[in-house]
Amino acid sequence: MTWWQAVPAIGTAAVLLFLPGLFLARGLGARGFSLAALAPLGSCGLVGVAGIIGGVTHIPWSLWLLAGVTVICTAAAWGIRRLVHGGATPVGRSSGPVFLGWIAVIASLAVAATLVMGRLLPAMGSPDSFGQVYDNVFHLNAIRYILETGNASTLNLGNMLSGGHGISLYPSVWHSLAALVAQLASVNVLVAENALTVAVAALLWPFACICLVRGILGPRILPVLVAGVLSAGFWIFPYQLLQWGPLFPNTLSYSLLPLAVLVVAGLFGRLREPIATMFTLSMMLPVGIAALFLTQPNGFSALLALTVPIVAGRWLRQFVDGLHSRRRVRQAVITLAWGAASIVLVLLIWKALILGFDAWKPSRSLHDAVKDVFTGGLLGGRFTWLASFMAAAGLLVIMIKRRGWWMVGAMAAAGGLYVIAAYLPTGPLRQFLVGSWYQDPYRLAALVPLFTIVLAGVGVDGVASALAAGARWLAARISPAVQETLLRPAALLRMAGGLLALVVAASVLTPLSMQANHKGLDYISAKIKQSWSWTPGWVVSTDEYKLMQRLDKDVPADAVIGVDPFNGGSLAYAVSGRKVSQYHLSPGPSAPVAVAAKGLVNAVPGSKTCKAAKAANIQYVLDFGSFYMLQFPEARIYPSFVDIKASSTLKLVDRQGAAKLYKVVGC
């Protein structure tokens with residue numbers, strides 16, 4: 001399959017990311033820019049809730065279930081809005097030509113999407129290749145699990161690993177979306193996963209950055225363009241997370257994060273553009289939290305951390321204003337009370353999000369970790385000097401204007417969390433501060449680009465404003481008529497000037513950004529290409545994949561195939577839909593599977609091994625040899641599933657090169 005043939009699948013993924021949420025956001029009263037900006041949060045929130053409802057009611061996962069939940073939630077939103085407001089409350093229009101503002105957003109998104117796809121598609125190879133990396137064994141099998149069982153609930157997805165039927169939590173929005181892409185576009189799980197990956201990385205992430213910068217600074221052309229171009233220039237995100245892991249749910253959750261921050265900033269009056277009413281934003285906040293949490297809780301943890309500077313700034317302003325009011329004592333008590341309540345609430349939520357995972361060790365010195373944040377050379381990688389330079393200009397603008405400090409605080413929060421994960425020694429403090437991210441510096445490094453982009457937008461806007469003020473001052477010296485034209489330009493002149501600025505800036509900024517970041521982007525492109533490679537000797541070779549594709553012809557639907565998950569055998573489920581003895585590299589095999597994996601080759605009827613194989617329903621064995629994804633001791637506890645020689649218990653029924661399928665005949 002070519003990428004052109006995958007366009008319908010990518011388009012399907014994009015529609016699923018935006019369309020359901022458009023209806024919900026409109027029901028809540030959003031219009032214009034806010035309608036588009038809030039749509040992805042609404043879509044992912046609806047997907048997560050619809051999956052849970054389907055799991056509880058035993059309604060199979062499908063477009064019809066999502067559509068039904070969307071209609072019900074939209075109607076409920078409209079009803080609540082009418083009840084609260086009695087009608088739609090208009091939001092003041094932004095200054096500047098609306099048409100020009102939309103052109104800037106669309107053009108910036110087009111540039112960003114082109115840049116991301118120009119890197120990502122060649123690195124991924126083809127739409128039916130897949131990342132042969134640890135976490136992707138789970139992700140691909142989870143998509144297949146949803147398609148096979150019809151259960152897309154976050155409450156139940158973990159049952160794929162445990163083999164249970166009760167509550168077993170795993171955030172499912174990413175996998176639910178990919179399953180819908182597979183259903184609607186009639187593609188296999190590999191193509192569906194890649195299509196969703198492209199839609200998130202090339203469309204959703206740049207769009208979210210553009211929306212946040214526009215909301216903070218208003219519909220200004222240059223900052224919007226900067227947000228789009230820079231969003232495609234960080235090697236650490238989204239590219240690194242797509243290769244490291246790969247962390248697909250994290251990528252989606254972090255791509256939604258700018259829109260959730262937009263909602264919070266709007267609620268606290270930190271936006272220059274009046275995007276929506278307080279009612280709309282208040283109702284969208286729990287929707288956004290649900291979207292983040294049901295996609296990957298790391299995104300919600302990040303929102304909590306980035307919200308702290310916003311709330312702290314509001315508290316400090318209210319406290320200072322209260323000291324100058326007539327009822328200063330009463331105001332001080334109220335302010336201190338809600339501040340203390342906020343701290344307690346945040347600490348309780350934060351503590352609940354901490355995970356019992358302590359495998360990551362510090363890898364950078366304090367000096368190097370701090371330098372990483374300032375230069376963009378995270379984890380010792382290549383510098384993103386252009387974005388860092390623009391962000392430094394943004395910091396200077398904030399210092400001069402003495403407003404916008406919450407953005408500096410958010411940048412410090414993201415950078416500080418990374419520094420803690422990269423530098424701080426293991427212990428209770430590190431566990432408390434970054435435990436909800438598994439203490440993983442890669443996940444935390446991926447948060448740094450967001451407010452680097454925001455500060456870069458502030459810097460460009462500040463410089464442009466200073467130049468415009470200088471031009472007006474000079475015009476006043478030359479001619480009052482020229483000054484009047486610059487102060488109150490005609491609509492046509494503003495449109496022409498804006499379009500010219502957009503074209504010139506894009507023509508200069510795009511190649512400059514790519515040149516500034518090409519070393520880091522070249523590095524991560526090579527890593528992605530290696531992970532998605534079919535090169536012989538990699539975890540799943542072409543021969544092994546071809547054999548997996550025809551397993552459904554040899555293996556009955558109710559049979560289980562014995563596999564060693566470390567040599568890629570677990571992916572037989574994702575490719576063929578046939579059950580396997582273990583769906584991921586961890587947790588380890590069940591007791592019956594462990595017994596069968598150890599001695600099935602030499603088992604005799606009535607033996608403990610044969611009884612274990614029967615208990616696990618292992619009727620076939622897939623032998624992909626002893627080339628392992630990870631050279632862990634656990635990879636070698638399956639001697640009867642690898643490098644099988646002559647055996648009276650196992651009969652060869654199919655092979656493709658060195659890949660072999662055996663049937664259990666001696667038990």
Side-chain angles (χ1 to χ4, degrees), residues 28 38 41 44-45 48-49 52 80 84 154-155 169 171 212 253-254 256-271 276 278-323 330-357 405-417 420-421 428-439 443-444 447 450-451:
L28 290 172
L38 300 178
L41 283 177
C44 292
V49 170
I52 292 174
I80 294 171
V84 172
T154 292
L155 304 180
L169 299 176
L212 179 58
S253 192
Y254 283 6
L256 293 169
L257 180 60
L259 303 178
V261 173
L262 182 71
V263 172
V264 174
L267 283 170
F268 283 87
R270 292 295 180 260
L271 303 180
M278 292 298 289
F279 169 81
T280 301
L281 294 173
S282 298
M283 295 297 288
M284 279 303 302
L285 181 60
V287 174
I289 290 173
L292 293 175
F293 201 85
L294 297 176
T295 300
Q296 171 41 262
N298 285 175
F300 173 64
S301 300
L303 176 65
L304 203 60
L306 298 177
T307 297
V308 168
I310 301 176
V311 177
R314 168 59 67 89
W315 181 88
L316 183 61
R317 173 61 62 86
Q318 186 172 323
F319 184 76
V320 171
D321 290 345
L323 293 178
R330 179 174 178 271
Q331 287 295 109
V333 170
I334 293 174
T335 305
L336 289 172
W338 79 256
S342 299
I343 292 172
V344 171
L345 180 62
V346 169
L347 289 176
L348 288 174
I349 297 173
W350 192 270
K351 188 175 185 299
L353 293 170
I354 295 174
L355 302 165
F357 193 88
W405 288 105
W406 70 271
M407 290 178 273
V408 179
M411 179 67 190
L417 288 169
I420 289 166
L429 180 60
R430 187 172 187 261
Q431 173 77 2
F432 177 77
L433 293 174
V434 295
S436 62
W437 288 272
Y438 306 89
Q439 305 189 45
R443 296 173 194 259
L444 290 161
L447 293 174
L450 176 56
F451 271 89

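The first residue of the sequence shown is numbered 1, and numbering continues consecutively from there.
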Notebook entry, point to check: What's the spacing between Met284 CE and Leu38 CG if we round to 0.5 Å?
Noted result: 4.5 Å

Item checked: Smallest separation among heavy atoms of Gln318 and Thr335, with atom names -> NE2-OG1, 3.4 Å

Next item on the list: Could you tell me which non-hydrogen atom of Ser253 sits nearest to which non-hydrogen atom of Gln296, and how far apart they are?
Entry: OG-O, 3.0 Å

Next item on the list: Using a 4.5 Å cut-off on heavy atoms from C-beta on, say whether the side chain of Leu306 contacts that of Leu257.
Entry: yes

Note to self: Quick one: does any side-chain atom of Arg314 pair with a main-chain N or O of Phe268 as donor and acceptor, under 3.5 Å?
What the structure shows: yes

Note to self: Quick check: closest heavy atoms across Phe319 and Ala332, and the distance to 0.1 Å?
What the structure shows: CE1-CB, 4.3 Å

Margin query: For a quick test of reading the model, state the closest non-hydrogen atom pair linking Ser282 to Leu267 and the distance between them.
Written below: OG-CD2, 3.5 Å

Check: Once the angle between the rings of Trp350 and Phe432 is folded into 0 to 90°, is it parallel (under 30°), tilted (30 to 60°) or perpendicular (over 60°)?
Finding: tilted

Notebook entry, point to check: What distance do Leu294 atom CG and Leu169 atom CG have between them, rounded to the nearest 0.5 Å?
Noted result: 10.0 Å

Notebook entry, point to check: Can you tell me how far CD1 of Ile420 sits from CD of Gln431, rounded to the nearest 0.5 angstrom?
Noted result: 12.5 Å

Check: Nearest 0.5 Å, what's the OG-CD1 distance between Ser436 and Ile349?
Finding: 12.0 Å

Margin query: Just so I know, are the side chains of Leu303 and Phe293 near enough to count as touching, which here means a heavy-atom distance under 4.5 Å?
Written below: no

Checklist line | Non-hydrogen atoms of Thr295 and Cys44 that approach each other most closely | finding: OG1-CB, 4.4 Å

Next item on the list: Nearest 0.5 Å please: distance from the CG atom of Leu41 over to the CG atom of Leu256.
Entry: 5.5 Å

Next item on the list: Can you measure from NZ (Lys351) to CG (Leu353) and round to the nearest 0.5 angstrom?
Entry: 11.0 Å

Check: Counting only N and O atoms by type, is there a donor-acceptor contact under 3.5 Å from the side chain of Tyr254 to the main-chain atoms of Asn298?
Finding: no

Next item on the list: Compare every heavy atom of Pro171 with every heavy atom of Pro297, then report the nearest pair and how far apart it is.
Entry: CD-CG, 3.9 Å

